[in-house]
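All remarks here apply to the structure that follows.
All of these numbers come straight from a predicted model, not from anything done at the bench. Just so it is clear, the values below take in all heavy atoms, side chains as well, and ignore hydrogens, waters and symmetry mates.
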Amino acid sequence: MKIIKKISLLMFLIPVCIFAQQSVSGVVTDASTNTPIPGVNVVIKGTTTGTTTDFDGQFTINAENGTVIQFSYIGFNTQEKPVTGATMNVVLTEDTQQLDEVVVIGYGSVKKKDATGAVDQVSTEDFNQGPVLNAGQLITGKIAGVSVTSGGGAPGEGQNIVIRGQGSLSLNSSPLYVIDGVPIADSGVGGARSPLNFINPNDIESMTVLKDASSTAIYGARAANGVIMITTKKGKGNDFKFSYSGSTTLYTPTNYVDVMDANEFRTLVNEVGSADAISRLGASNTNWQDQIYGDAFGFEHNLSTTGNIAGFMPVRASIGYTDQDGVLQGDNFARTTASINLRPSFLDNHLKVELNGRGSYTENKFANRDAIGTSVDFDPTQAIYNENSPFGGYFTWLNNDNVQNSLAPTNPVALVNLKDDTAEVRRFIGNAKVDYKLHFFPDLTATVNVGLDKSNSHGRTIVSDQMPSSQLDWNGSFSNYTNEATNKLFDAYATYSKEIDVHSITAVAGYSYQSFENDNYSFDSEAEEEGNNPIRIDKWRSVLLSYFGRFNYNFDNRYLVTATLRADASSKLNPNDRWGYFPSVAVAWNLNNESFLEDSEVINQLKLRVGYGEIGNVNGLGDYNFLTKYTASRTNANYQLGDGFYQTYRPEEYNENLRWEVGKTLNVGVDYGFFNNRISGSVNAYLKKTEDLISFVTVDPFTNFSNGIDKNIGDMENKGIEFELNVVPVQTDTFNWSIGYNISVNSNEITNLPDQVEVGGINGGTGNNIQLHKEGYSPFSYWVYKQVYNEAGAPIEGAYVDRNGDNQINDDDRYLYKDPYADVIMGLNTNLNYKNWDLAVVTRANIGNYAYNNMASSKSYELRATENSILTNLHRDYFNSRFQSITETNLQSDYYIQDASFIKIDNITLGYTLQDAIPSTSLRFYGSVQNVATFTDYDGLDPEIGGGIDNNFYPRPRSFVFGVNLNF
């Protein structure tokens, strides 16, 4: 009977409680700008009941009168207000002690003001605008010490990102990319233009760059060249919001290689050619580069939604489509992407789950880049077509067998029209991360992160039988390939976090296992015709096993200490040298929190940092190089034993003593913020010493199965200074102006190398190299002869300085002169917002980088015009040098080493936003120009050449964009 009474009483009280609550709504705005703040946490004090503000800063929550509601958001003072009615509008003020954003670091996050390493973050509002297809383009010119260079102007072309200079002689110098906690493989699959093309830049929330060893050591082996943490956008708010962005882009060529036009070439041939050569001149005026390049178009569409399912599961989903043609005929990049993020929480937020999944399907049509070189070479007096040509009517230089002269360039238009090179790439990357804050020990959180990065590609190349060829009975060719790459990740770690008075401790300890598997197949019909095995099957697997730990100590927000240790074992190395141990330690001092500065109205942040760390590198090293591998002989080269014929196998080179490259870095830095952080930035100075450099070197005969092997042979030193400055000169209700500037100075030097190593192969001759690794110099320095000039300043052919005075010119007279890496890298960007207008300008500069103009060196000698019973066009540098013939010494003259310093206006974007033209809708229109202008003294096509050797470079186009962003 008592139980029935209690149940009845409870049934009576429930509706009373319900009716006592009311729906409270309001808007949260920023005190300084009077604009809504999305994503503010709105929580009933003392409970876990809450919500977040939507895109327009609005919220709705059920609460009783008198209940206190907390409003909190990073960078703002937390505010508490009691419920007094159905409406509650809140204005948040900035907290100058919390203005620094939270940055993602390895296996956790930290407020930037508490970071002890050299860490930079670029978020959505600061990303570069314009036609961005690759994640690297978002941060070009934005971060000191980070160089981002595209491989060329092809659509979807990859970005070469280098942090703080060249990190190795022969291994990969690219940073480690970690996407939502999953380190991705450092190599892609066939048919993919870039390993980062699978991710839609519109899905990226922030990119955090870990630059020094004290911040990267937690990732150990693959972090030798820095780490870029990519965090994607997550679901937030209660109501579902939608965003659409679309753009149309015109790409236009800006510059061509400087070759003779038809009239100049005719004049030259008539002056220097024989009667037979003159008779071969045509009657046309063909600009072959004009024939293979042209305007191109691209468009992009992205749709995303963010919201909350059932009040406990924030969700974000997106889909995107990009289609871009290249300025080289036949080039096209088409990509479809889709992503989803779910973040449910259970057990009063003790159990948090994050599910990320993103997939991409890319279709590539690769233009025939051989046409880039032949469009420079081909005789401009010839027409594109010749009705007597046996090769589809395309003009061709023929020999007596009525096939193409083997020394003649191929008709460029035929090259782009008669070769079909296509590929499809599918990629999925996803992870499931579970955080459990122990109920019986809430200071400890256990985390498990399981990730999968899987891609496969299928490509084929078909060359028409109409393609000009020097082969008799040419029937065209066909090849295809399939590649599959699987990257599996398992992380398990525990995080202990405790605050006692002014002491704060965070400790992380964990285990990581990552495997990489590749399964490759290819078929080549030409190999079959030549007697080689047309089928190639290549399967391999490598594993990285790791243990790691990090300890953070914070005393009174003044003194900070971080110590990490990671142990890595890589299957790329032999069992005796497989394990590497990589420690780091960093300390920081927040002077602004000291009593003598904490009340300062000028200094908001002043932090001193010192860090030291060691990290390893085997990125780009082949698998199982410590074991002897065997390669099959040609199918028609068998060994007879009795009456049988047997295929043989030959051993490949190996080195059982390969071990880790180890980089040891010391970093000293200062972070600063003045005048309410209207002036902020950082200064860093670093010294990195890399030991046991791996390089491919020549070995003595009969000591291995080849004359060269990969070997740990040397040391290198890398040092520099970085400076970053962010200024907000104007900040009013209607007008905001911000400026970002960064500059870095870097130098590399090989400090120990027993034997010099020739590198940098060039076009012209056979086996010629233009660069050298040598102790005491920068890696990849140009190894050249010192040119002698006449009184008029023109180079004298074959005349070089006899530097050693032995009365002969040979390799002993070559010297190391300049290198391809800029001594100084700068970035300058500015953003202006006036009412509904916005303007962004991004510029960059490189100073001290030099390029070898291989287009001029190999294509500007007189005999080239008429030799080999054909006519071949010349580079217009001939008018400067007047060189008669190509020789090894001419090719290696310092005359062709040119200052490639430049200033580039990368992007100008102007936009206008219509607020509430449609209720609860924001609509922005914008126009953008990419690759606006380049200022340089370099004579070649483009001064920004990866590796410094200018040869058959795919020109970067200028882009004109019109786009729209819609939020509703």
Between Y896 and Y852, how do the two ring planes meet: parallel, tilted or perpendicular, split at 30° and 60°? perpendicular
Would you say the side chains of N880 and D877 form a donor-acceptor pair under 3.5 Å? yes
Ionic contact status for E944 with K904, cut-off 4.0 Å: yes
Separation between OG of S170 and CG of D710, rounded to the nearest 0.5 Å: 5.5 Å
Check whether the side chains of D377 and T374 place a donor and an acceptor atom closer than 3.5 Å, and report yes or no. no
Between E691 and R659, does at least one N-O distance fall below 4.0 Å, as a salt bridge requires? no
Could you tell me how the ring of Y785 sits relative to the ring of Y800: parallel (under 30°), tilted (30 to 60°) or perpendicular (over 60°)? tilted
Hey, can you tell me if Y817 and Y815 have their rings parallel, tilted or perpendicular (30° and 60° cut-offs)? tilted
D950 versus Y938, side-chain donor and acceptor atoms under 3.5 Å: yes
Could you list the residues that satisfy side-chain hydrogen bond (donor to acceptor under 3.5 Å, both in side chains) with N854, not counting sequence neighbours? S857
Which class fits the ring pair Y895 and Y789: parallel under 30°, tilted 30 to 60°, perpendicular over 60°? tilted
Not counting sequence neighbours, which residues clear side-chain contact (heavy atoms from CB on, under 4.5 Å) with N790? List them please. A792, A794, I796
Look at R956 together with E157 and state whether they make a salt bridge at an N to O cut-off of under 4.0 Å. no
Tell me whether R164 is salt-bridged to E722, with the criterion being a basic N under 4.0 Å from an acidic carboxylate O. yes
Pair D623-N625, side-chain donor/acceptor within less than 3.5 Å: no
Does a donor on one side chain and an acceptor on the other come within less than 3.5 Å for N746 and D823? no
So, using salt bridge (Lys or Arg N to Asp or Glu O under 4.0 Å) as the criterion, who are the partners of R803 when residues are at least two apart? none
Is R566 close enough and on-axis enough to F582, meaning under 6.0 Å and within 45°, for cation-pi? no
Any chance the side chains of Q166 and S173 put a donor and an acceptor closer than 3.5 Å? yes
